[in-house]
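Here is the structure we will look at, set down as structure tokens.
Just so it is clear, the values below take in all heavy atoms, side chains as well, and ignore hydrogens, waters and symmetry mates.
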Amino acid sequence: HRTIRPTLPPLSSPLNLSCVLLASDGMHDPQIAAINAASATLSLACLPGVPVCAAVRIGRVNNCWVVNPDRLQLRNSEANYIVSCTEEGISMIQGHSIELSLSLFCEMLSIAYDHCVEFIRHLKGIKATTNTTYCFPPPA
């Protein structure tokens, strides 16, 4: 919700989107998959002006940035952030860290942004090759 809502234009009627977890490997947080699935759904819907967004979780383990770390890596992580982006820029940052310098924080944002843009471009490629858009009837 916090990831996608800021990117949406004003809509004429309410928009509800639910992600239901059917299975999990227990090692990876399904929150990022749910954000990206919601974005994929919205990108295929014919809603005008809705930008494609993506999210990653990023941690810092043994002085290295880890994109979408598993739960074990997160336990040993000095940082734990969720970053969501559109191609135009970062739309949300949420998380915490232990005494992270400004230069490391900026490095983390750059890595997160690059991974988000890679996902967005992949998603746009899928939309272009399938040439599929789902239009929903307006509410009665």
I'd like to know if the side chain of T129 and the backbone of G125 have a donor-acceptor N/O pair within less than 3.5 Å.
yes

Applying salt bridge (charged side-chain N to carboxylate O under 4.0 Å, His left out) to R71 and not counting sequence neighbours gives none

Heavy atoms, side chains only, cut-off 4.5 Å: are I82 and M92 in contact?
yes

Smallest heavy-atom separation, A54 atom then C116 atom, equals O-SG, 3.4 Å

Remaining members of the apolar cluster that contains V61, side-chain heavy atoms under 4.5 Å:
V66

Within a strict 4.5 Å, meaning less than it, do heavy atoms of the E78 and E99 side chains meet?
no

Connected hydrophobic set around L22, excluding itself, where side chains approach under 4.5 Å
V20

Co-members of the apolar cluster containing I58 [side chain, <4.5 Å]
V56, W65, V67, Y81, V83, I90, I93, L100, L104, F105, M108, L109, I111, Y113, V117

Does S110 reach the main-chain N or O of C106 with its side chain, forming a donor-acceptor pair under 3.5 Å?
no

If we ignore hydrogens and angles and just use 3.5 Å, is the side chain of S77 paired with the main-chain N or O of R60 as donor and acceptor?
yes

Between S39 (side chain) and N36 (backbone), is there a donor-acceptor pair under 3.5 Å?
no

State, with a plain yes or no, whether a side-chain heavy atom of C53 is found less than 4.5 Å away from one of S84.
no

Can you list every ring pair (Phe, Tyr, Trp, His ring centres under 6.0 Å) pair that touches residues 15-43, not counting sequence neighbours?
none

Partners passing ring-ring contact (aromatic ring centres under 6.0 Å, His included) against F119 (at least two apart in sequence or in another chain):
none

Donor-acceptor contact below 3.5 Å, side chain N68 vs main chain R57
yes

For the CG atom of L74 and the CE atom of M27, what is their distance to the nearest 0.5 Å?
9.5 Å

Test your reading of the model: is there a side-chain donor-acceptor pair from N62 to the backbone of C64, 3.5 Å cut-off?
no

One pair to check against side chain to side chain contact (heavy atoms under 4.5 Å, CB included): D114 and E118. What are the steps and the verdict?
CA-CA 6 Å; D114 290 345; E118 181 181 338; over 6 Å; no

